[in-house]
Every structure is written in C-alpha cells, then in structure tokens.
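Right, one structure below, let's go through it.
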Amino acid sequence: MTDKVRVRFAPSPTGFLHIGGLRTALYNELLAKQTGGSFILRIEDTDQTRLVEGGIENIVRTMKMMGLEANEGVYLDNKDQIAERGDYGPYLQTKRKDKHTAYAKQLIEMDKAYYCFCSAERLEDLRHEQQTAGKPTMYDGKCRATPREEAEKRIANGEKYVIRLKLPKQGRITAWDVIRDDISFDWSLIDDQIIIKSDGLPTYHLAATCDDHDMEITHVIRGEDWLPSLPKHLFIFESFGWTAPKYAHLPLLLNADHSKLSKRQNDVAVEDYLNKGYLPQAIINFVALLGWNPTGDRELYSHEELILMFDLAKVNKAGAVFNLEKLDWINEHYLRSIPEDEYLALTHPYIKDLNSDQNFVDRAALLVRDRVTLPSQVAELVSTILKETVDYSQANIAWKTQPKEQAVERLEAVKKLLSDIDESSFAKREARVEHEQRIKKMIMDKGWGNGDTLWPLRVALSGQDKSPSPFELLEVLGKERSLKRLEAAISHLST
RNA sequence: GGCCCCUUCGUCUAUCGGUUAGGACAGCGGCUUUUCAAGCCGUUAAGAGGGGUUCGACUCCCCUAGGGGCUACCA
C-alpha cells in the first residue's frame, strides 16, 4: 500500500465531457497535483447500451484541451488512439470483467451476495404494486433465500440470472464524508443492489468499488448524486475486509431554477463552451469556484494557484447555480490578459476573410479587444472598419444637430492636416497619441469644439455611430485608407 | 410516497460563538469622454421561519418550511 494520494476521474463514455464532470475531474486533479499523488482516468463503460462511438476519445481530448491530463490510466497516444498507462490496469472497465466476476463469486461464497432469477417483468410488476400501495419501491428478496446449490443448478440449466448484494436488513450504518461528515442510513431501506447484470457485466456499484480497491484509490471525489448508494459501496469494502477510500461527495451544479444542471436549460458539454470561444483557463477558473473558494475575496486564479490552494474540506455542501454572467466576466479578463499573438490566433478565424491585408485585420482585431466577451464577437465590431469601401448610409457623420457644411469643413481641415504626414509615421503603433495631440491642437487653435470635429472624423473613418476612437482608427487604417475615407465622407455629405 | 442531502445579497461566495455580516458577477449611480466600450469610484441587496443552548448566535442542537438528489439488469 502506498500512502500517496491516488484519485480517479471515472466518466462513462456516453458522448462528451459534462461540465459537472469537468469540475469533478478538476478537483481530483487539484488534490493529486497538490499532494504529488496520481490522477487516474478510468473509463466506466459497463453499460453497453449507452456507449457512444468516439465517446472515450472525445472525453480524453476535451480534458487535454482543458489542461487536465491524467498521469495514469486512459490517454490518447500520438496517433490519437486510445491507450493505457500505469501499473494498475486495465483502466477500461469492461476489460476488467473477469476480475469483477471473480469478486462477485467471492461475495457469494461469503454469503454477501446471491443469485437472483426474477424477470424484469416481475420486477416491474412488483415496483408498480409497491408504488400504488404507497410503499418504498425495492426488491422483495424473493431469491435471497434460494439455496446456492439450487441456484447453481438453475444456472447450469441455462436460466438467466443476476447477482444481488445481500444487504443487512436491520440496524443503521454511519458513513463518513470529507465534505459532509457523518451520514447515517437505515439498512432496511436499502435495496439489494444488482452487482452483476444478466449480460455478465458488473454494475457501477461493484465495478467502481472493486476497481477503486485494486487501483489503491485513496479518495473518491464524485458528485452528490452518488451519496444514497454510499452504504452499498461501504458494504462491499467491508465484506472483503478492505479499507475504504475517503469519500467526498461534491454539491451538484444547478440550472437557474435550481434543478440538476441539464441539457434542456444549459449547454452541459465542455466542448460547447470551447466551441463558443471560452478560454480553457477561464472555464477552469469559473468551474473551480463553483462550490469552493479559498478566501472569498478573490476571483481570479491560475490553474497553478488552484493546485496550491485547493482544500477538499472547504468545499460547500449546497448546490451551485451555473451562472454564465460570471463566466463571461472571467473570460473577458483572460481574453485581455493573454499575449497579443494568442488573442490574434483566437480571433483570426472569424475575420481573416474580411480583408486581404492580414496586418490590417490583426490590428483591427486588437482595436476591439476590450469590447468582446468571446473571440467570435470581433467580426461584427470590425467588419465595417475592414471593408475597403465604407457605406455611410446607416451612419450619422454630422454630430447631433451639426450642419453638414460644418462637418465637411472639419473633415477637410483634418484631411489637410494629415496629408502632410508620411505613411510610415502615420501608421506606426505609437501614432495614435501623435494623431490625438496634433488634431486636438488644431481644434484648439481654430477655436472649434471636440465633438463637432471628432465625431464626424470618427464616423467618417469607421462608418459606425459606435466605434473605437478616431485616433486609434487613423493609426490602424493608415494614411491612404484614412484619407480615402475622409474624402468619401465629405462627398457623402455633399450630395 | 420513502430515504438522504442542503438552506448567508438575484447569482457565486467569506465568516469556522463576539464583524457596521466581507468580496465578486449582475444591477444602479458617478467620474472620464467625440460615440460605444474599457477603466476608476460609489451604491442597492442576505443569514427561510420557530424554538432552544449560551453572557452572547449566521455559526451548536431540535422542529417546521422550502429546495435538491436518489429510489433501474444507467452511470
């Protein structure tokens, strides 16, 4: 036995990485990294009816994109093929079928489990009966007393069967949870859970517990929806005489109406957020703080800082509403603080076709950096600016009630002022300050107002009522484009 | 219905018996300003209810209410 922390994220490959699963994976990873332990990815694929083609690859790939890579278990090799690493494999649960079968047999030997021959129909009828009688719906224990020899004979005769846990029928069990402390349950209300299905594969309850033991998992960090089945899991550990891992049941992620986060009300796939352009570090930051906070007076943490500060015992008990406004705010923050070239790479796909001058495109993108929440939003803000010919029909070039003639006069003056500057210093990066000083000086000298000069100038350059400042626009457009637009605006006003 | 869990501003949260109950997002207001953003400053807003325990409860206990989860040969 090691005393190192060994934790696992164990999704079932039903298609995609769920945002709640991401947080579970993250908390596992944080604990592992913090303690120098192992973070294991195990795939729980025992439900053959719910397998989705490519589901495993998708989950692993998404985790990798999020910066969450398991150092043990399932991964994708350099040919993008599912592979496994580590000394506790296999890490694909169905490959462990023989182990599970053996453990189930052992439980039967120990009289901690039994064969059950009840048909799905009988079970359904039973449930229905109990329901209408207002009683708890659970297995009535019909096969519990069937002698093993008789059961084995029936199996030999080809009868279909499942294996059920033979749970105590009286007394209480008190379980301990890192987040919730003691929780106790009445054994009489807990169902004799099926652990081996009629297809021979184990259910979660057997597979997860046995695998956790075999893999020497020290902490099971999983969603709160597993809390009710904790006694069954502890029963399995106890039956084998194994030491159970520490359990930490995470509060659920919620819809706005406080129901369990669902597809109907929210995007629940991590890739949905990635596709929209949310940055991995923003999603991680956001999700980490849903249900946990190291101090309460700080919102922005890098992955490394989260690793340093994470504390499982400080995780909240109550569910957390998944609120996109905060995610937006965090994303804006990261979008503005990443290196320029990263920002450009993110926005490029949305705007690269708007103008053939890619340098122009890039600088326009930079112009609206503090106006966007998501990279895709640059397109709308920048499309008018990037068009070589500006359409003024939707814009007001003249300021407020300013006469057209006056706007023309101001534009002519600016045009004249700018035409003497040579191209290279016109468009250099620091030029916006020079443009501003120069133009404002002229306005002062002439005794004009800022508004009646700068508004027409800005709209002439951008073609938009709302846009970045004229000085920035001049710099980004460069001399030729700027002068062309001034002319165009003047002629638009003169018609 | 039964079992289990949960309950601080609209939302995410801090507080681990003594605070003017703090921060953040959103909202609102202001500053700046040629517009819109950004930025900066300010501001509205909370301990579900009722009992205890205690000199003193958001904090501990009980009850009630409300919410959620589970109740599958799914995880």
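- For RNA chain B, the residues of residues 450-460 of chain A within the heavy-atom distance limit of 4.0 Å (strictly under) are Asn450(A), Gly451(A), Leu454(A), Trp455(A), Arg458(A), sorted by number.
- Within the 4.0 angstrom heavy-atom criterion, no nucleotide atom of any strand lies near Gly223(A).
- Listed by chain and residue number, His233(A) satisfy the side chain to side chain donor-acceptor pair (under 3.5 Å) test with His205(A) (two or more places apart in sequence, or in another chain).
- Out of rG69(B), rA75(B), rC12(B), the shortest distance to the side chain of Ser259(A) is found at rG69(B).
- Between Gln193(A) and Arg172(A), it is Arg172(A) whose nearest contact on RNA chain B lies nearer the 5' terminus.
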Atom pairs, protein N/O to nucleotides 58-64 of chain B N/O, distance under 3.5 Å:
none

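- Nucleic acid contact class of Ser469(A) (heavy atoms, under 4.0 Å, all strands): base.
- Note that Lys276(A) lies in the cation-pi zone of Tyr273(A), set by a 6.0 Å cut-off to the ring centre and a 45° limit from the axis.
- Nucleic acid contact class of Ser467(A) (heavy atoms, under 4.0 Å, all strands): base.
- Spacing of P atoms, rC61(B) relative to rC5(B), comes out at 13 Å, to the nearest Å.
- Comparing rG23(B), rC74(B), rA26(B) by their closest approach to the side chain of Thr203(A) singles out rC74(B).
- Taking the centre and axis of the six-membered ring of Tyr115(A), the NZ or CZ atom of Arg154(A) falls outside the cone set by 45° and 6.0 Å.
- Centroid-to-centroid, the aromatic rings of Phe286(A) and Phe322(A) come within less than 6.0 Å.
- For a distance-only test at 3.5 Å, the side chain of Lys326(A) fails to qualify as a donor-acceptor partner of the base of rA26(B).
- Along RNA chain B, the nucleotide nearest Thr295(A) and the nucleotide nearest Gln464(A) are compared for position; the residue whose nucleotide lies closer to the 5' end is Thr295(A).
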